[in-house]
**Student:** 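The structure is given below, and queries will be raised subsequently.
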Amino acid sequence: MPLANTLPDQMDRMAKAVILGTGSCLPVRTVSNADLERMVDTSDEWIATRTGIRQRRIAGAGEQNYQLATKAARRALAMADISPEELELIVVATISPHMLMPSTACFVQAELGAANAFAYDISAACAGFTYGLDLARNYIQNRPDMKILLIGSETLSARVNWEDRNTCVLFGDGAGAVVVSGATDGRGVFGSNLRSDGTLGNLLSMDSPESCNPDLRREEWHGAFIRMSGGDVFKHAVRLMEDSVTTLLRRHNLTIDDIDLLIPHQANIRILNNLRERLGIAEERVFINLSQYGNTSAASVPIALDEACRQGRMARGDIVLFCTFGGGLTWGSLLMRW
Ligand code: UT7
């Protein structure tokens, strides 16, 4: 049976956003849990059992956010066989931008020489990639031939308090990229369910630099670090990701058994196991690389996607489900036919 005949939304012949190429870039330096034992009061045993993380990559000289992003982008462009000049849009999802202005996307544009693109950053924390892919999907519906570079890139090592064991053991640096364009052969993004809840923003936050305007300074400013109420975030993450996925599947008359591969945000193995059990999806259909990289926020899903792609984990026509959760709060899920 032709692929298009098996689509859930088979009446819909509109162009959908497909991924033409993926790429990722991780910093060279690996920092193990044992290394962290020498920095804060923690243990390999605590980190491994409470989070599933064994090591993370930490950026060094020459590995600024935009430099990791650019390398990931070059790999995605090479797989897609697209030149930088063909790009019309560059979006970088990040909460650790190289500078507040210019955007990291503009730095990437300059590095690539993507002279025909417009470029901007989006800020949706660990949900940044799913938000970005949904955004790309909307551009593609209007202009199916558009070539879009979407990157999730973080250097969170520059934004954690290295004296706070509650947070510094969790995060890592890295970048993942995809090249997106339109196709009418039944492949592509066919559904998303993105959500936010700003009233819970205090559970996971990162302040900006202290105000230059003394009148705008705040007593509660404690430094431009990540701060998190871990337990509360954990509970919301499991419940809200499950809710997002089940709602999305229902909307498309799918069940979890229709999903060939789930690529979730990589934050904590216990969150992922909880989510997996609640959704009833088998372990072998969930892509997990958390132990190697820790939580790389907006970069986690595109790095995982690139690894899954290069390992041949998706076959043409497979249904891939993305699911994310992060500060804001922001969360969501997205379905695509590979
Ligand atoms: O990226 C998107 C959002 N982020 C997340 O999804 C992260 C969500 N939260 C989590 O992953 C978990 O809540 C954490 C891994 C952050 C914490 O795990 P937990 O099981 O919720 O531990 P806890 O915060 O309840 O802390 C338990 C104990 C505390 O000691 P007391 O108060 O019981 O004596 C902590 O001080 O563990 C202690 N602790 C540590 N001990 C050794 C906290 N961090 C560490 C550490 N090493 N690094």
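Numbering starts at 1 and runs along the sequence shown. Remember, it's a predicted structure, so these values are computed and weren't measured experimentally. First listed ligand is number 1; within each ligand, the first listed atom is number 1.
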**Student:** Do other residues, nucleotides or ligands put more than 12 heavy atoms under 6.0 Å from E283 CD?
**Tutor:** no

**Student:** Does a side-chain heavy-atom distance below 4.5 Å link R54 with D44?
**Tutor:** yes

**Student:** Test of understanding: with salt bridge (charged side-chain N to carboxylate O under 4.0 Å, His left out), list the residues that count as partners of R50, not counting sequence neighbours.
**Tutor:** none

**Student:** Does a salt bridge link R278 with E242, judged by any charged N lying under 4.0 Å from a carboxylate O?
**Tutor:** yes

**Student:** Run the salt bridge (charged side-chain N to carboxylate O under 4.0 Å, His left out) test against D207 and tell me which residues pass, sequence neighbours left out.
**Tutor:** R218

**Student:** If the condition is ring pair (Phe, Tyr, Trp, His ring centres under 6.0 Å), which residues does Y66 pass it with, not counting sequence neighbours?
**Tutor:** H98, F107

**Student:** Can you list every pair where an N/O of ligand 1 is under 3.5 Å from an N/O on the protein?
**Tutor:**
| from | atom 1 | to | atom 2 | distance (Å) |
| --- | --- | --- | --- | --- |
| ligand 1 | 1 (O) | H265 | NE2 | 2.9 |
| ligand 1 | 1 (O) | N295 | ND2 | 2.6 |
| ligand 1 | 9 (N) | G230 | O | 3.1 |
| ligand 1 | 11 (O) | N268 | ND2 | 2.7 |
| ligand 1 | 13 (O) | G230 | O | 3.1 |
| ligand 1 | 18 (O) | R270 | NH2 | 3.4 |
| ligand 1 | 20 (O) | R50 | NE | 3.1 |
| ligand 1 | 20 (O) | R50 | NH2 | 2.5 |
| ligand 1 | 20 (O) | R270 | NH2 | 2.9 |
| ligand 1 | 36 (O) | R165 | NH2 | 3.0 |
| ligand 1 | 37 (O) | W46 | NE1 | 3.2 |
| ligand 1 | 41 (N) | W46 | NE1 | 3.4 |
| ligand 1 | 41 (N) | R165 | NH1 | 3.4 |
| ligand 1 | 47 (N) | T42 | OG1 | 2.6 |
| ligand 1 | 48 (N) | T42 | OG1 | 3.1 |
| ligand 1 | 48 (N) | R165 | O | 2.9 |

